[in-house]
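Quick notes on the structure that follows.
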Amino acid sequence: MEEKKYETKDRNRLLISFLKGSLHYFVISVICIILVTLLDLVTPRVISFTVDSVIGDKVTDISRSVTRFLAPFLGTEASNVPQVMRADLRLVALLVIIIALFSVTFRYLFNVFNSKGAEKLVKTIRDSLYRHIEMLPLSWHTENKTGDIIQRCTSDVETVKQFVAEQLTSLFKIILLIVLSITFMANINPMLTVFASLFFPVLILISLLFRKKFDVMFKEVDEEEGLLQAITQENLTGVRVVRAFGREEYERDRFEKQNMKFKSCWDNLSVLMASFWTVGDLLAILQGLTVVAIGSYLGVKGELTAGEFIAFNTYNNMIIWPVRQLGRVISQLSRANIALDRINYIMSAEPEKDIENAAKPDMNKDIVFDHVTFSYPGSSEKVLDDVSFTIKAGSTVGILGSTGSGKSTLMFLLLRLYELPDGNGSITIGGVDIRDIDRFYLRENVGLVLQEPYLFSKTIGENIGIGVENATDDRIRKAAETSSLLDTIKEFKKGFNTAVGERGVTLSGGQKQRTAIAQIVIRNTPVQIFDDSLSAVDTETDAKIRDALSKESADTTRLIIAHRLTTLMSADNIIVFENGKVCEEGTHRELLDKGGIYKKIFDIQTEGRED
């Protein structure tokens with residue numbers, strides 16, 4: 001998976017698009033946390049006023065500002081406020097309680113709205129990712145591991161959520177707290193403020209230096225986690241294959257090896273983070289000791305009152321953590337940037353698009369492959385080389401060829417799961433190039449049954465009716481009967497309500513194929529493709545299903561890809577592929593008379609006896 005380095009403006013644009021619908025929650029939470037911060041900044045002033053002017057009798061700048069604020073509420077002159085409160089100390093307690101109640105209320109509102117905004121943000125990101133991933137071409141999915149995609153849609157989304165909800169919203173509090181605290185500290189004692197502030201740039205500089213290392217290590221951790229998830233997903237999905245081939249120990253060793261690499265990455269990151277926080281702790285302790293030492297000296301000299309020293313030290317303790325937290329925000333920004341880049345890798349992938357006013361022609365028309373040449377993306381090898389043939393409307397066409405001869409590629413191109421490049425021939429339906437046909441309309445009218453069908457973890461009845469909205473029980477039952485599945489379902493204890501398990505694990509290969517055939521029968525599409533989808537049933541059931549399909553809808557155009565000639569013998573036309581080219585074409589009898597590849601395969605499968 002080749003990663004792209006995105007610019008800051010790309011990340012910002014992506015994040016802003018995700019914030020639609022949740023931004024107002026975060027705005028309210030920011031307002032609440034700002035109010036909490038202002039109330040927290042008031043508390044030291046109240047303590048200083050109480051110590052100096054209520055308990056003591058000194059008048060300071062802080063006490064003047066507090067008395068001016070409280071005078072209207074107490075109904076007295078500002079100069080009389082200390083005496084009034086000294087006479088009834090319950091007023092001091094009441095003031096503290098009122099401040100605490102407002103602080104608790106706004107803190108509660110912050111948590112509520114911040115949580116709502118965070119969950120709404122996560123929902124928006126996941127919805128956007130899921131919608132976009134569903135519209136990406138098949139070639140993109142084949143190039144990217146499912147486990148890694150899942151990791152980007154879960155862990156990386158959670159990382160973005162934590163940064164926005166926990167770091168970005170607190171950034172406003174941090175900045176406000178730092179600015180106002182330093183301002184208040186400077187009003188108390190400018191010289192002591194200078195000594196206290198000397199440590200702050202050093203803390204921020206250290207955070208910036210560590211950030212570069214965090215960038216590299218967080219990216220490495222995410223990549224290793226993606227590989228670990230991919231291994232887990234592959235093994236859980238293919239557990240039967242692993243067990244059947246006795247590969248449990250090999251896969252366990254592979255998982256443990258990758259898990260050890262993931263652990264090692266986290267160990268290295270933990271050491272780096274421990275170093276970062278230890279350096280920060282050391283500087284914070286030195287800064288606190290410096291303030292205490294110089295403040296004590298100024299207090300002995302009479303340049304700082306006890307209340308002012310308490311207020312200054314309180315502001316200093318309040319500010320040292322936000323300064324360190326600002327460094328944490330910077331370090332967490334690295335991880336958030338990595339997560340946004342990994343999400344942007346998905347969101348910037350080009351989805352499938354139709355031309356404007358795409359056509360929706362009648363699909364009961366001839367299908368023509370005209371000089372089609374195709375190579376898969378990233379490969380120069382021609383899977384199809386100058387292929388031309390016509391499929392008459394309402395006919396049944398059989399396609400025969402060895403593995404890798406390009407049979408399935410024809411179907412992928414017809415469904416536009418892979419796009420046929422300009423200049424590589426054309427595929428038309430009723431004379432309309434499929435590149436000009438609405439993609440959803442095309443796939444809605446062309447049904448495909450694969451050799452290894454994918455069944456969802458639902459009941460067998462729900463799987464049959466999955467392609468039809470509000471499918472009735474009668475239609476589901478009729479489709480099961482046409483696909484020779486009804487008798488099998490009757491043997492199940494819960495009938496159509498039998499759960500098939502993940503990927504249809506509880507069904508046999510033939511039962512899964514017949515379930516997939518029932519899916520296409522119930523849709524009743526004008527064009528039906530069977531890509532070796534009768535390989536897991538016996539010849540008698542094979543013939544029974546083909547006969548039932550012919551009676552079900554005689555005017556349907558059918559393409560049957562198979563290796564078993566008994567499946568193809570009754571087709572109106574049989575096309576034989578070899579090395580990506582059409583080497584023979586005709587009816588069963590005509591191809592036998594030609595004595596070519598078809599005749600040789602027929603002789604091998606029947607030992608020279610025509611059935």
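The model shown is predicted, which means the values in this text are computed figures rather than measured ones.
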Exercise. Should V500 and F456 be marked as a side chain to side chain contact (heavy atoms under 4.5 Å, CB included) after you check the CA-CA gap, both sets of side-chain angles, and the distance that decides it?
Worked result: CA-CA 8 Å; V500 302; F456 291 88; over 6 Å; no
For this session: May I ask you to decide if the ring planes of Y598 and F602 are parallel, tilted or perpendicular, using 30° and 60° as cut-offs?
Result: parallel
Problem set entry | pair V432-I437: side-chain heavy atoms closer than 4.5 Å | yes
For this session: For Q605 and L565, indicate whether the former's side chain and the latter's backbone hold a donor-acceptor pair under 3.5 Å.
Result: yes
Problem set entry | Stepwise side chain to side chain contact (heavy atoms under 4.5 Å, CB included) test for E352 and E419 | CA-CA 9 Å; E352 294 180 325; E419 203 70 63; over 6 Å; no
Problem set entry | Residue pair S155 / E225, side-chain donor-acceptor N/O under 3.5 Å | yes
For this session: Kindly compute the distance separating CG (L414) from OG1 (T409), expressed to the nearest 0.5 Å.
Result: 12.5 Å
Exercise. Could you state the interatomic distance from CD1 (I561) to CZ (F530), rounded to the nearest 0.5 Å?
Worked result: 11.0 Å
For this session: Could you tell me whether the side chain of D555 and the main chain of G394 form a donor-acceptor pair under 3.5 Å?
Result: no
For this session: Give a yes or no answer on whether the side chain of T373 reaches the backbone of D386 with a donor-acceptor pair at less than 3.5 Å.
Result: yes
Exercise. Mind checking whether R514 and T541 have side chains closer than 4.5 Å, heavy atoms only?
Worked result: yes
For this session: Mark yes when over 12 heavy atoms from residues, nucleotides or ligands other than K123 sit less than 6.0 Å from its NZ; otherwise mark no.
Result: no
Seminar exercise, completed: Between M363 and L442 the two heavy atoms that sit nearest each other are CE-CD1, 3.6 Å
Exercise. For S380 and S375, which heavy atoms make the closest approach, and how far apart are they?
Worked result: O-OG, 3.8 Å
Seminar exercise, completed: Value for CZ (R439) from CG (L417), rounded to nearest 0.5 Å, stands at 9.0 Å
Exercise. Judged by atom type as modelled, is there a donor-acceptor pair below 3.5 Å linking the side chain of Q519 to the main-chain atoms of N463?
Worked result: yes
Problem set entry | Working for salt bridge (Lys or Arg N to Asp or Glu O under 4.0 Å), residues K478 and D474 | CA-CA 6 Å; K478 178 64 176 174; D474 288 341; over 6 Å; no
Exercise. For the side chain of H588 and the backbone of I574, is there at least one donor-acceptor N/O pair under 3.5 Å apart?
Worked result: no
Seminar exercise, completed: For T459 and N497 the tightest heavy-atom approach is CG2-O, 3.5 Å
Problem set entry | Minimum heavy-atom distance between T525 and G447, given as atom pair plus value | OG1-N, 3.3 Å
Problem set entry | L228 backbone acceptor or donor facing Q151 side chain under 3.5 Å | no
Problem set entry | C153 side, atom SG; D148 side, atom CG - distance, nearest 0.5 Å | 9.5 Å
Seminar exercise, completed: Value for CD1 (I604) from NZ (K599), rounded to nearest 0.5 Å, stands at 10.5 Å
For this session: Mark yes or no for whether S508, through its side chain, and Q511, through its backbone, hold a donor-acceptor pair below 3.5 Å.
Result: yes
Exercise. Can you find a heavy atom in the side chain of T498 that is under 4.5 Å from one in the side chain of I489?
Worked result: no
Exercise. Hey, are D253 and K257 close enough for a salt bridge, meaning a charged N less than 4.0 Å from a carboxylate O?
Worked result: no
Exercise. Do D433 and S426 have side-chain atoms, one donor and one acceptor, less than 3.5 Å apart?
Worked result: no
For this session: May I ask you to check whether over 12 heavy atoms, not counting those of Y376, lie within 6.0 Å of atom OH?
Result: yes
For this session: Work out which heavy atom in K407 is nearest to a heavy atom in G401; give both atom names and the distance.
Result: NZ-O, 3.1 Å
Problem set entry | Verdict with supporting geometry, L129 and M347, side chain to side chain contact (heavy atoms under 4.5 Å, CB included) | CA-CA 7 Å; L129 282 168; M347 296 301 297; 3.7 Å; yes
Problem set entry | Over all atoms of both residues, closest heavy-atom pair of R523 and E444 | NH2-O, 3.2 Å
Problem set entry | Criterion side-chain contact (heavy atoms from CB on, under 4.5 Å) against I520, the qualifying member of V449, V446, T482 | V449
Problem set entry | Interatomic spacing from CG in L19 to OG in S22 - rounded to 0.5 Å | 5.0 Å
Problem set entry | Side-chain touch E158/Q162, heavy atoms, less than 4.5 angstrom | yes
Exercise. Is D542 salt-bridged to R564, going by a charged N under 4.0 Å from an acidic O?
Worked result: yes
Problem set entry | Minimum side-chain heavy-atom gap D354-F440 below 4.5 Å | no
Exercise. Does a sphere of radius 6.0 Å around CZ in R477 hold more than 12 heavy atoms from other residues, nucleotides or ligands, not counting ones at 6.0 Å or beyond?
Worked result: no
For this session: Go through the steps for D10 and R13 under the test salt bridge (Lys or Arg N to Asp or Glu O under 4.0 Å), then give the verdict.
Result: CA-CA 5 Å; D10 297 324; R13 191 183 302 116; 3.2 Å; yes
Problem set entry | Single hit among L549, I529, V397 for side-chain contact (heavy atoms from CB on, under 4.5 Å) with R558 | L549
For this session: Run the numbers on D593 and E590 for side chain to side chain contact (heavy atoms under 4.5 Å, CB included), then give the verdict.
Result: CA-CA 5 Å; D593 292 341; E590 290 171 347; 5.6 Å; no
For this session: Would you mind reporting whether P421 and F374 have side-chain heavy atoms less than 4.5 Å apart?
Result: yes
For this session: Ignoring hydrogens and angles, tell me if any N or O in the side chain of N144 forms a donor-acceptor pair with the backbone of W140 under 3.5 Å.
Result: yes
Exercise. Should I464 and F496 count as side-chain neighbours, where that means a heavy-atom distance under 4.5 Å?
Worked result: yes
Exercise. Hey, is the main chain of G430 close enough, under 3.5 Å, to the side chain of D366 for a donor-acceptor pair?
Worked result: no
Exercise. Taking the six-membered ring for Trp, are F577 and F389 parallel (under 30°), tilted (30 to 60°) or perpendicular (over 60°)?
Worked result: perpendicular
Exercise. Can you find a pair of side-chain heavy atoms, one from N445 and one from V527, that are under 4.5 Å apart?
Worked result: no
Exercise. With distance as the sole criterion, is a donor-acceptor pair present between the side chains of D531 and S408 under 3.5 Å?
Worked result: yes
Exercise. Do the side chain of R152 and the main chain of Y345 share a donor and acceptor less than 3.5 angstrom apart?
Worked result: no
Exercise. Thinking salt bridges, do R11 and D341 make one under a 4.0 Å N-O criterion?
Worked result: yes
